[in-house]
Number of protein chains: 2
Amino acid sequence: MSESETQSPDKTPGRIRTITDLAKVAGVSPGTVSRALSGNSLVNAKTREKIELIAREHGFRPNQMASRLRRQKTGVIGVAIPLGHDVRQQISDTFFMTLLGYLADELTEKGYDLMLRRVIPAQDEDWLDRFIGSGMVDGVIVIGQSDQFDRIEDVADGYLPMVVWGNHQEGQRHCVVGSDNRLGGKLAAEKLIASGATSLAFLGDTQPIEFAARFAGAREVAEKMGVPIRALPTHLSPDRTSKEIADHLIRIDANVDGIFAATDTVAVACLKELRNRDVEVPEQVKIVGFDDLPIANQTVPPLTTVRQDIAAGAKGLVDLLLRRLTGDDTESLVLPPHLIVRETT
Amino acid sequence: MSESETQSPDKTPGRIRTITDLAKVAGVSPGTVSRALSGNSLVNAKTREKIELIAREHGFRPNQMASRLRRQKTGVIGVAIPLGHDVRQQISDTFFMTLLGYLADELTEKGYDLMLRRVIPAQDEDWLDRFIGSGMVDGVIVIGQSDQFDRIEDVADGYLPMVVWGNHQEGQRHCVVGSDNRLGGKLAAEKLIASGATSLAFLGDTQPIEFAARFAGAREVAEKMGVPIRALPTHLSPDRTSKEIADHLIRIDANVDGIFAATDTVAVACLKELRNRDVEVPEQVKIVGFDDLPIANQTVPPLTTVRQDIAAGAKGLVDLLLRRLTGDDTESLVLPPHLIVRETT
DNA sequence: TCTATTTTTGCAAACGATTGCAATTTGTGA
DNA sequence: TCACAAATTGCAATCGTTTGCAAAAATAGA
């Protein structure tokens, strides 16, 4: 053996480390052991029992690396979170994290493992190709398009098993699951206006297409109803949000009586700033958020918001991906958001 | 070839799929290609350039499965989140999710991938052995001991590369990183009493050892100061918390003027219930939370709380794990929490 | 008892990359 | 120009499991 000294230090003679070791102990061939442990039916019941017993006694489990190399599939789904402009945003973003939790549940249930990778596209040109080409994953779920829409489109043509959480654009080529942000925006604006608001503002970053769509929906309704609306750019990183909102509020003062926040997080910060300035909600200013995070129900007053069904989203992502894994070229899935009326409107 | 029909359908002749394909195109041996791509110095600069060029042109990346099998290491760290009693809790638990985010950052930076697995110990006896023995990970980080303390202890003896986020017990055998919960509890109680509270209550589940330690710390201080303290068991799943807290508040009524909440999430829910009952905070009742989540700064009034340094925790977990990967039997790391005084005390 | 089947097993070739050693090429100095 | 050292490259074994095919064993049928 040419690399004998590289060998693992743990060479306890009794130790069963490979399927061949086990085969020797059981007095059969490695092939038989493999078949027995993989639940394959081509093996005598008694032989299987014996093998399983030995495996259990020695706590043996077949090496997954080897298995996966041979079978040419990994049983792992890669989940990528691209951190676009606002690097610090998503890390604490409850929405994404909750989605991730549900994804983990769904995938586990279907027998897949989840490999998480956070990428900073600005520092890593071909993060997506790298992830896909690594041979470590059977398929990829991308959480959030961020500012990577085009790169994702490029990849989508040549790589089927990929599904993306995000906004759906007419004619796009990659398969996406996400809420109908435009509709959500409409619902929000309609509610604000119906509650008596006469001048609206959208609080949030309109760069990411999800948010852009929310704003677009709201604007459509506002224009139809003859109500003015403006966008007030606001970052979503917790440390900057508050100050930016405060500045906005000072500037707009009493000119706005209906606020549509891009996310609940922004809405909560806004609520607080309004209270600091002794503005009554909803009497003087009405607010609608987006997401319906748990916190939305804990604010004072409780927040009216547009709910995204996160669990359904996760399920959709996984279902579509699994179908794509079998070769289906699936359509995108757009989920309807729902208005949850509480007490800020 | 015995399994020629099993071969990948994508057998475009020009396609470079393996290191051998690339070797053929470049007119060298596979070994040389491997060395060139792995940045190994034993290869002529010109040859390397040529190989790298071809690789780039064809978007070729070495198969990780094969590489890792051969090198006997995976470059993947497993992160397990055991979901104990309160299954639905952690999924949305901002604290754990934020920790996960930081972990992903730290690991990525050190060149490791992160494999996430959520386990329900009640349904899966030997989840930890399975994870470790899968051959898919070089090491394991367990987020939260939940009710699995003993199982983790069992495994720790035979498996070095494991680090756990949680509470440190005198004499335990597994390596843990976590806040000094007892000290945190003391800080909270001291602050409540210093602010004038004369009768304390701990709101939270005292089963998990982290929370038990927080309560124990608070009780130690309370007893020393001659202030009564009681524990009011409260679940941490968002849907149940509110109602349980409401019930508690009705029961204790005016008998308690200082509340120590097991987490900020509970504190926020509590704040809201108090407001519903028109109890003034901090005038009538003082509150201290735990964690210092972003939300703590957004409540009305802003929440006084005990901060856990999540980023430092993640860094500690990764650093210790990497040292263990090299064979070090590292000590546990206990981080000091800090009292953040805002306006609820 | 002796074929003809059906079940079980063993054999050995993959999967694709890495790496010690040996062979080859290149470069150096006399 | 030649001997010798250094730098490159090729060869082939190896990581541990899976699986098509063939051989062996068990069972059935006559």
Side-chain angles (χ1 to χ4, degrees), chain A residues 1-8 10-11 15-51 55 58 60-75 133-136 138, chain B residues 1-8 10-11 15-51 55 58 60-75 133-136 138:
Chain A
M1 188 183 298
S2 57
E3 318 164 34
S4 53
E5 48 292 292
T6 332
Q7 226 181 30
S8 153
D10 168 11
K11 46 167 106 182
R15 181 77 203 291
I16 293 188
R17 225 174 35 82
T18 74
I19 233 174
T20 315
D21 295 345
L22 175 36
K24 232 167 279 172
V25 175
V28 297
S29 78
T32 305
V33 174
S34 172
R35 282 185 268 255
L37 292 180
S38 67
N40 195 309
S41 66
L42 309 162
V43 59
N44 185 291
K46 279 213 178 107
T47 319
R48 153 163 321 157
E49 265 171 45
K50 182 168 57 171
I51 292 174
H58 290 73
F60 169 78
R61 295 184 203 292
N63 181 304
Q64 295 297 311
M65 235 70 215
S67 166
R68 289 164 181 197
L69 169 59
R70 174 60 226 243
R71 309 182 33 192
Q72 295 292 76
K73 40 164 46 238
T74 67
S134 72
M136 284 296 289
D138 289 340
Chain B
M1 188 182 298
S2 56
E3 316 164 35
S4 52
E5 49 291 295
T6 334
Q7 226 181 30
S8 154
D10 167 11
K11 46 168 106 184
R15 179 79 203 290
I16 292 188
R17 227 174 34 80
T18 73
I19 230 171
T20 313
D21 295 345
L22 175 36
K24 232 167 280 171
V25 175
V28 297
S29 77
T32 304
V33 174
S34 171
R35 281 185 269 254
L37 292 179
S38 66
N40 196 309
S41 68
L42 309 162
V43 59
N44 186 290
K46 278 209 180 111
T47 319
R48 153 163 322 156
E49 263 171 46
K50 181 169 57 172
I51 291 174
H58 290 74
F60 169 78
R61 297 189 200 288
N63 180 302
Q64 294 298 310
M65 235 67 210
S67 166
R68 290 166 179 194
L69 169 60
R70 172 62 226 239
R71 310 185 25 197
Q72 296 291 79
K73 39 163 62 229
T74 66
S134 72
M136 283 297 289
D138 289 341

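Everything numeric here is computed off the predicted structure, so don't read it as measured data. Every chain is numbered from 1 and lettered A, B, ... according to where its sequence line falls, protein lines coming before strand lines.
Side-chain contact between A:N63 and A:T18: absent, with no pair of heavy atoms (C-beta onward) separated by less than 4.5 Å. Inter-residue side-chain proximity for B:R15 and B:D21 is flagged as unmet; no heavy-atom pair is nearer than 4.5 Å.
Across A:P30 and A:A23, no two heavy atoms sit closer than the pair N-CB, 3.6 Å. When all heavy atoms of B:D138 and B:T74 are compared, the closest pair comes out as OD1-N, 2.8 Å.
As rounded to whole Å, 12 Å separates atom C1' of C:dT26 from atom NZ of B:K46. As a whole-Å value, the separation of A:D21 CG from D:dG16 P is 9 Å. We find that NZ of A:K24 is positioned 14 Å from P of C:dG10, with the value rounded to whole Å. D:dT9 atom C1' lies 10 Å from atom CG of B:L42, rounded to whole Å. Look at CD on A:Q72: it is 14 Å from P on D:dG20, rounded to the nearest Å. What separates CG of A:N63 from P of C:dA17 is a distance of 17 Å, to the nearest Å. Rounded to an integer number of Å, the gap from A:I19 CD1 to D:dT18 C1' is 8 Å. Whole-Å rounding puts the A:R48 CZ to C:dT7 P distance at 15 Å.
Note on B:S34: a base of the nucleic acid sits closer than 4.0 angstrom, heavy atoms only. When heavy atoms are screened at a 4.0 angstrom cut-off, A:S38 is found touching no nucleic acid atom at all. Within the 4.0 angstrom heavy-atom criterion, only backbone atoms of the sugar-phosphate kind lie near A:V28; the bases stay farther away. Base engagement by B:R35 is indicated by at least one non-hydrogen atom pair under 4.0 Å involving a base atom.
At a cut-off of 3.5 angstrom, counting only N and O atoms as typed in the model, there is no donor on one side facing an acceptor on the other between the side-chain of A:R71 and the base of D:dT18. With hydrogens and angles left out, the side chain of A:R70 and the base of D:dT18 share a donor-acceptor pair within 3.5 Å.
Proximity note for B:T32 (side chain, C-beta onward) versus C:dA13, D:dT9, C:dA17: the nearest is D:dT9. Listed nucleotides C:dT9, D:dT17, D:dT8 differ in distance to A:T47; the shortest reach to its side chain belongs to C:dT9. Taking every side-chain heavy atom of B:N44 into account, D:dT9 is the closest of D:dG16, D:dT9, C:dA17.
Axis orientation changes by 40° from one end of the helix from C:dT1-D:dA30 to C:dA30-D:dT1 to the other, with each end axis drawn from 5 pairs and the value rounded to 10°.
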Going through the distances and angles, do B:F60 and B:L37 end up as a side-chain contact (heavy atoms from CB on, under 4.5 Å)?
CA-CA 10 Å; B:F60 169 78; B:L37 292 179; 3.7 Å; yes
Does the pair B:M65 and A:M136 meet the rule for a side-chain contact (heavy atoms from CB on, under 4.5 Å), with working shown?
CA-CA 6 Å; B:M65 235 67 210; A:M136 284 296 289; 3.9 Å; yes
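Residue order along DNA chain D, read from the 5' end via each residue's closest nucleotide, puts B:A45 first among B:A45 and B:L69.
Atom NZ of B:K73 sits about 9.5 Å away from atom OG of B:S67, to the nearest 0.5 Å.
Taking 4.0 angstrom as the limit, A:S29 places none of its side-chain polar atoms (N or O) nearer than this to OP1 or OP2 of C:dT9. Remark: A:S67 is in phosphate contact with D:dT18, judged by side-chain N or O atoms under 4.0 Å from OP1 or OP2.
B:V25 pairs in a side chain to side chain contact (heavy atoms under 4.5 Å, CB included) with only one of the listed residues (B:I51, B:I16, B:V33, B:T20), which is B:I16.
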